[in-house]
Amino acid sequence: MTLHHSLPHPPPKLFPSTDTLLRILCSQRPFYPTHVAAFRRIVLRFYRAAARDLPWRRSHSPYHVLVSEIMLQQTHVNRVIHFFPRFIAAFPDFHTLARAPLHRILRLWNGLGYNRRALALKHIAQIVLSHYHGNLPSSPSLLARLPGIGHATASSIAAFAFNLPTLFLETNIRSVFIHYFFPLHKKVHDCQLLPLLKLTLDRKHPRRWYNALMDLGATIKNHYPNPSRRSLSYRTQSPFHGSPRQLRAAILRTLLTSPASLASLAKACNTSPHSLYPILHSLQLDGLVSFSRGRFFIP
DNA sequence: ATCCGGCCGA
DNA sequence: TCGGCAGGAT
């Protein structure tokens with residue numbers, strides 16, 4: 001079965017019809033399980049035909065799942081694929097990561113983006129060792145207390161590492177539910193999606209279910225205008241070129257090579273020390289950069 | 001409401 | 001050339 005043939009029909013041809021699904025799922029009609037089952041068949045049939053073989057799916061180790069989930073925040077799967085195996089090879093467990101110097105971690109992170117995630121990951125490893133006996137907690141509420149982990153990441157870790165039936169939305173899952181249940185709506189709130197997510201969740205196999213939803217959502221976006229555009233939570237981000245964060249990234253890349261003075265940093269980044277200073281300050285506040293004896297460096 | 005990275009497919 | 005990405009923190 002080709003990918004094309006395994007792809008579900010567009011909204012007007014849905015089975016059961018979108019209106020029927022929505023009405024039934026939102027009501028308390030006694031026969032809604034039939035329609036829940038129909039939707040699950042659509043998703044799982046697609047998954048059986050076109051499941052992605054991703055490196056982080058070959059292990060359910062909480063550490064592996066944690067690293068992958070942090071890397072995947074606002075980052076395409078196709079990019080993470082190249083970083084995840086190298087990172088795991090260099091830092092195979094919480095102990096190794098916790099005691100690794102930040103500059104070594106950032107060196108492997110270079111090119112992945114959002115460098116604060118790497119720092120958060122190291123902090124998480126230290127907390128897991130000092131407060132959880134080296135074992136990542138499984139409850140989403142505890143996970144969400146860790147730095148760099150919000151509700152979505154906490155719930156997905158619980159689902160993928162511990163196979164717990166958590167509820168969470170991210171862009172691929174949003175796309176699936178908006179595509180099927182709100183094909184004509186313009187501004188869909190997450191509150192409208194959560195009841196449907198809860199009703200259709202496969203509580204016996206949450207891990208497989210969420211993998212299936214994400215694969216289907218990613219594929220839908222390749223064949224239709226991005227349904228998540230019609231989500232209220234959808235935001236376009238500020239341009240990167242010429243922005244402070246571009247300079248910020250340039251500073252970190254420079255310091256990755258060696259410590260540098262303010263003057264040499266400005267020269268390397270092709271800008272003035274004056275414009276560099278507030279950015280260096282923010283980097284220090286984040287803990288990504290330190291200063292000692294006239295030179296900036298990555299700890 | 002803003003900031004935080006960097007790349008790649010269309 | 002540009003949109004958008006398995007979001008989080010302030």
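Every heavy atom of this structure was used, including side-chain atoms; hydrogens, water molecules and symmetry mates were not.
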Looking at Q74(A), does any N or O in its side chain come under 4.0 Å of the phosphate oxygens OP1/OP2 on dG7(C)?
yes
Closest listed nucleotide, where the reference is the side chain of R229(A) and the choices are dA6(C), dG4(C), dG6(B):
dG4(C)
Taking the six-membered ring for Trp and the single ring otherwise, decide whether the centroids of F39(A) and F177(A) are under 6.0 Å apart.
yes
dA6(C) and dT2(B), which share atom name C1', separated by this distance in whole Å
22 Å
If the cut-off is 4.0 Å, is K221(A) near the phosphate of dC5(C), judged by side-chain N/O to OP1 or OP2?
yes
Do T236(A) side-chain and dG3(C) base share a donor-acceptor contact under 3.5 Å?
no
Do W56(A) and H64(A) have side chains that get closer than 4.5 Å, going by heavy atoms?
no
Using a cut-off of less than 4.0 Å, is there contact between a side-chain N or O of N110(A) and OP1 or OP2 of dG5(B)?
no
Across the strands shown, which category fits N78(A) at heavy-atom distances under 4.0 angstrom: base, sugar-phosphate, nothing?
nothing
Could you tell me whether I173(A) contacts a base, only the sugar-phosphate backbone, or nothing, with contacts defined as non-hydrogen atoms closer than 4.0 Å?
nothing
Phosphate oxygens OP1/OP2 of dG8(C): is one of them under 4.0 Å from a side-chain N or O of T153(A)?
yes
Reckon R57(A) touches a base, only the sugar-phosphate, or nothing at all at heavy-atom distances under 4.0 Å?
base
How is W109(A) classified with respect to the nucleic acid when contacts are heavy atoms under 4.0 Å: base, sugar-phosphate, or nothing?
nothing
By nearest-nucleotide position on DNA chain B, the 5'-leaning member of S238(A) and N222(A) is S238(A)
By nearest-heavy-atom nucleotide on DNA chain B, the more 5' of S282(A) and R235(A) is R235(A)
Can you tell me if R79(A) touches the phosphate of dG5(B), counting only side-chain N or O atoms and a distance under 4.0 Å to OP1 or OP2?
no
Heavy atoms under 4.0 Å, any strand shown: does N115(A) hit a base, just sugar-phosphate, or nothing?
sugar-phosphate
State whether the number of non-hydrogen atoms from other residues, nucleotides or ligands found under 6.0 Å of Y132(A) atom OH is greater than 12.
yes
Mapping N211(A) and A144(A) to their closest nucleotides on DNA chain C, which lands nearer the 5' end?
N211(A)
